[in-house]
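See structure below.
We count residues from 1, following the sequence as given. Quick note: numbers below take in every heavy atom, side chains included, and nothing from hydrogens, waters or symmetry partners.
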Amino acid sequence: MSHSDAEARPHADTAHQGAARASGPRIVVASSGLGHVSRGIETWAASLGRALHDRGLCVTLCKGFGKPTEPFERVLPCARRDGSLAAWARLLLPSPLAWRAGLASAYGVEQATFAWCLVWFLRTWRADVLHVQDPMVALWAQRAKRLGLHRAQVVLAHGTEEPTSFLARLEHVQHLAPAHAERCREAGSWRSGWTVIPNFVDTATFHPGHDDDWRKELGIPLHAIVILTVAALKRSHKRLDVLIEAVARLRSEQPDLPVYLVAAGGREPDTDEVMRLAREQLADHARVLADVPRHRMASLYRSADIFALASLTEMMPIAVLEASASGLPCVVSDDPVLRWVAGPSALARDIRSTSSLACALLELATDTPRRQRAGAEARRHCVAQFGQVAVVDEIVSYYHAITGREQPRSQTPSPRPQPTPRVSVIIPTYDSAAWISDAIGSVLAQSSPPHEIIVIDDGSTDDTASRVAAFGPRVRYVRQVNRGVAAARNRGASMAEGELIAFLDADDVWHPRKLEIQQRALAASPSFALVGTHTFAWPGEVPDVHATALVHPVTWSQLVVRNRLTTSSVLVRRDALPGPAPFDEHLHGPEDLDLWLRIAERGRIGLIKAPLVGYRAIEDSLGRRPVSMEQGLQRIMAKLDARKAWASRPLLRRRALSHAQYSCAYMYSASGWYSQALRRLVSSMALYPLPFQPDEVRMPLARLRMLARVLSGWLLSRGTTRGAAP
């Protein structure tokens, strides 16, 4: 756990380990390759661990290498499959013994050593469920359970084509497709503790769109037709050699067709041979990408036009789900599992021969309307059948079943339709007639319209009322005596009917997809109480956002040092607001930071890193009123001290106070009060002389750079007559 995560533990982590987590099973999701291998099993484990954590369950993601990158991760040491220890174990152990112990391969050695550490963790953490896709890890854990070494129910998500005789040794198996379950039933080996639940895909992260960054990076023309495959870069099973030959044949038959092949996946022993074959047959029209970072995969799908998978059979191909969710038409083998996963719009053909695969690719490459229709239908099928929310619901129900709360179900029922939460938009305004129409118009233009818009006029003296009235009954207008923006927001919150509340300042605007993206984010991540977004400069061009609903956690210890949320970007659950008047009306400036900190002490806060709010910088904004802002920051620090929020973390407190002084120095400097700025800057350095973290300042050595500017301004201003300092 990182230093900042440890600091946040008494606040954010305590909240998300609260009642919801305490009442449910303690779950361990594990993968020995996670941290040094990027393939289907590792993707499955990382995605499931994140989804369960966001759902509010008590989950630990155990991996075999690297460092924890999330607060719910744990690294268990093991002998890596490509390391010297695994090689020596295979050489020194007698072959019959190695085979019986599951150590006949380097992967087997990795699984066994990982499982030994995992059993100890299951015992000490008192886990209720272990969920894995590594088959030997499941078998070792099952044996340890029978010996009484731990109590966890072991679930194997069967994605590695193990024979029925192997599966029969396990109490709980998650078959990933109905066809696999039917084969077991026909063989007479079905067990009462087994189930059928597919893999899922985050359809918010993987969504349709056009992303030209990859094409520019790879030197592929923007008008080209890109055929993408995502699979282990090898000839056997994935048949990359057959796909390369099929694309080469397509190009020879249609020389004027600008077709390119992009193959992305994990490196294999014969990957160099695959690359050589691609160069020989496709020359500059092939790109083979080994070990693409996971966070870049969604944009890679959006850079393609067609997805092709040349393997003849698959257990449950996550790559096909991701491609379908991204709106790509798919070419797959005529296999019952692949047909079921890819959906009716896919070209499921007998692709055992190069010519048949080339013909299928040609059909899509030469028919743009068909590609578009097939891609749209693939997306609809994927969302309906393999969306994250519905599938994770079934997985959680299965956990409850096998831990004794209900009988396991062998088929995936249709999820109950849930009512869509209503959104109330609150717009406080004071003498903002020049901008209020733009703000309201941006709300009415939302792709996901809100339930209501409430404008609270805080005693304006201009023609704000008439401008709001022009929108008619679509906007509720309420006028009050001037009491400040915090009081106006509180008035609106007390009137709101929605389960979700969004705030919009009268001088800002929203991107047309803001509410849509945030609503998807909260639906996919129920453990988050509040999500914000990035901003863009306004007036200006509205950015073309290829945004996802991926939420990045913002911890209490991060917020207490630097406010990372703009009020106009926030969408918050109504039941997460502390009381009927959530904003402190005694604060004039940082009242939003005070609220975010109080919410973060009880729940999780997240950030969508997409520019969805147009922020207008105006001369008389609160950010340019250093006195009121400084007084507000001092009040917030006093409130934190009073409720003992620091929990014996003096270094974090000093860093927060230092950053507050640095922020005040910036505001005083911008106002031309250089002597005041210099005092705050010196105070900041005295409180915390170490450098701030990169995400806490705009540039490296920020305070030293500011010191140079302040000293320069102070020297230039000496001898001139200035207004009285505050």
Side-chain angles (χ1 to χ4, degrees), residues 39-41 43-44 107 133 135 157-164 166-167 175-184 186-187 196 198-199 201 227-250 261-266 268-271 273-274 277-278 281-282 286 288 304 306-324 328-365 374 378 381-382 385-386:
R39 293 180 186 148
I41 290 178
T43 297
W44 168 86
Y107 179 36
Q133 273 201 4
H158 182 214
T160 52
E161 302 186 41
E162 306 304 319
T164 305
F166 178 90
L167 299 178
H175 293 277
L176 301 178
H180 304 321
E182 288 305 315
R183 281 196 285 267
C184 289
E186 291 171 1
V196 181
N199 283 330
V201 63
I227 299 172
L228 173 67
T229 188
V230 177
L233 300 175
K234 59 183 181 180
R235 303 177 73 155
S236 61
H237 184 58
K238 300 301 181 182
R239 302 172 76 234
L240 264 294
D241 54 340
V242 176
L243 179 58
I244 290 170
E245 293 170 4
V247 175
R249 182 164 182 166
L250 170 61
L261 173 66
V262 175
E268 295 283 341
D270 59 345
T271 296
E273 176 65 17
V274 170
L277 185 64
Q281 298 205 26
L282 293 173
V288 180
I306 300 169
F307 181 83
L309 190 65
S311 50
L312 298 179
T313 61
E314 290 284 350
M315 296 298 291
M316 180 69 188
I318 292 178
V320 175
L321 294 182
E322 293 173 346
S324 299
L328 291 181
C330 297
V331 176
V332 297
S333 172
D334 189 16
D335 169 77
V337 174
L338 287 166
R339 285 200 311 269
W340 174 67
V341 172
S345 67
L347 271 66
R349 304 290 174 80
D350 182 354
I351 57 173
R352 286 175 291 182
S353 68
T354 301
S355 60
S356 60
L357 179 54
C359 289
L361 294 173
L362 180 63
E363 289 184 41
L364 290 176
H381 170 76
C382 184
Q385 298 294 324
F386 307 108

Check your understanding: Between the side chain of Arg239 and the main-chain N/O of Ala310, is any donor-acceptor distance below 3.5 Å?
Key -> yes
Check your understanding: Can you list the steps and then say if Val332 with Phe307 is a side chain to side chain contact (heavy atoms under 4.5 Å, CB included)?
Key -> CA-CA 9 Å; Val332 297; Phe307 181 83; 5.6 Å; no
Check your understanding: Is any side-chain heavy atom of Asp241 closer than 4.5 Å to a side-chain heavy atom of Val274?
Key -> no
Check your understanding: Do Phe386 and Ser324 come close enough that some side-chain heavy atom pair is under 4.5 Å?
Key -> no
Review point. Within a strict 4.5 Å, meaning less than it, do heavy atoms of the Val337 and Thr313 side chains meet?
Key: no
Review point. Does some side-chain heavy atom of Ile227 sit less than 4.5 Å from a side-chain heavy atom of Leu250?
Key: yes
Review point. How far does OG of Ser353 sit from CD of Glu245, to the nearest 0.5 angstrom?
Key: 11.0 Å
Revision key, fill the gap. Residues Ala365 and Ile306: closest non-hydrogen pair is N-CD1, 3.8 Å
Study note, to complete from the structure: In terms of heavy-atom contacts, Leu361 and Ala246 come closest through CD1-CB, 4.4 Å
Check your understanding: Between Thr229 (side chain) and Ala308 (backbone), is there a donor-acceptor pair under 3.5 Å?
Key -> yes
Practice item. Examine distances only and state if a side-chain atom of Asp350 and a backbone atom of Arg352 form a donor-acceptor pair shorter than 3.5 Å. Key: yes
Practice item. Please name the pair of heavy atoms, one in Leu233 and one in Gly265, separated by the smallest distance, quoted to 0.1 Å. Key: CD1-O, 3.6 Å
Practice item. Check whether any side-chain heavy atom of Pro317 lies under 4.5 Å from a side-chain heavy atom of Leu338, and answer yes or no. Key: yes
**Study point:** Exam field: side chain His158 to backbone Glu162, donor-acceptor pair closer than 3.5 Å
**Key:** yes
Practice item. Evaluate side chain to side chain contact (heavy atoms under 4.5 Å, CB included) for Thr160 paired with Ile41, printing each intermediate quantity in order. Key: CA-CA 9 Å; Thr160 52; Ile41 290 178; 3.7 Å; yes
Point to revise | Flag, side chain of His237 to backbone of Glu314, donor-acceptor distance under 3.5 Å | key: no
Check your understanding: Would you say the side chain of Leu321 lies within less than 4.5 Å of the side chain of Met316, judging by non-hydrogen atoms?
Key -> yes
**Study point:** salt bridge (Lys or Arg N to Asp or Glu O under 4.0 Å) pairs, two or more places apart, involving residues 338-347
**Key:** Asp334-Arg339
Exercise for review: I would like to know whether Leu243 and Leu357 meet side chain to side chain contact (heavy atoms under 4.5 Å, CB included); could you show each step before the answer?
Suggested key: CA-CA 7 Å; Leu243 179 58; Leu357 179 54; 3.9 Å; yes
Revision key, fill the gap. When every non-hydrogen atom of Leu347 is compared with those of Ala360, the smallest separation belongs to CD2-O, 3.5 Å
Check your understanding: Can you tell me how far the CD1 atom of Ile351 sits from the SG atom of Cys359, to the nearest 0.5 Å?
Key -> 12.0 Å
Check your understanding: Side chains of Gln133 and Met315: does their closest heavy-atom pair fall under 4.5 Å?
Key -> no
Exercise for review: Of all the heavy-atom pairs spanning Pro329 and Leu364, show the shortest one and how long it is.
Suggested key: CB-CD1, 4.0 Å
Check your understanding: Between Leu240 and Thr271, is any pair of side-chain heavy atoms under 4.5 Å apart?
Key -> no
**Study point:** Shortest non-hydrogen contact from Ser345 toward Ala374
**Key:** OG-O, 3.2 Å
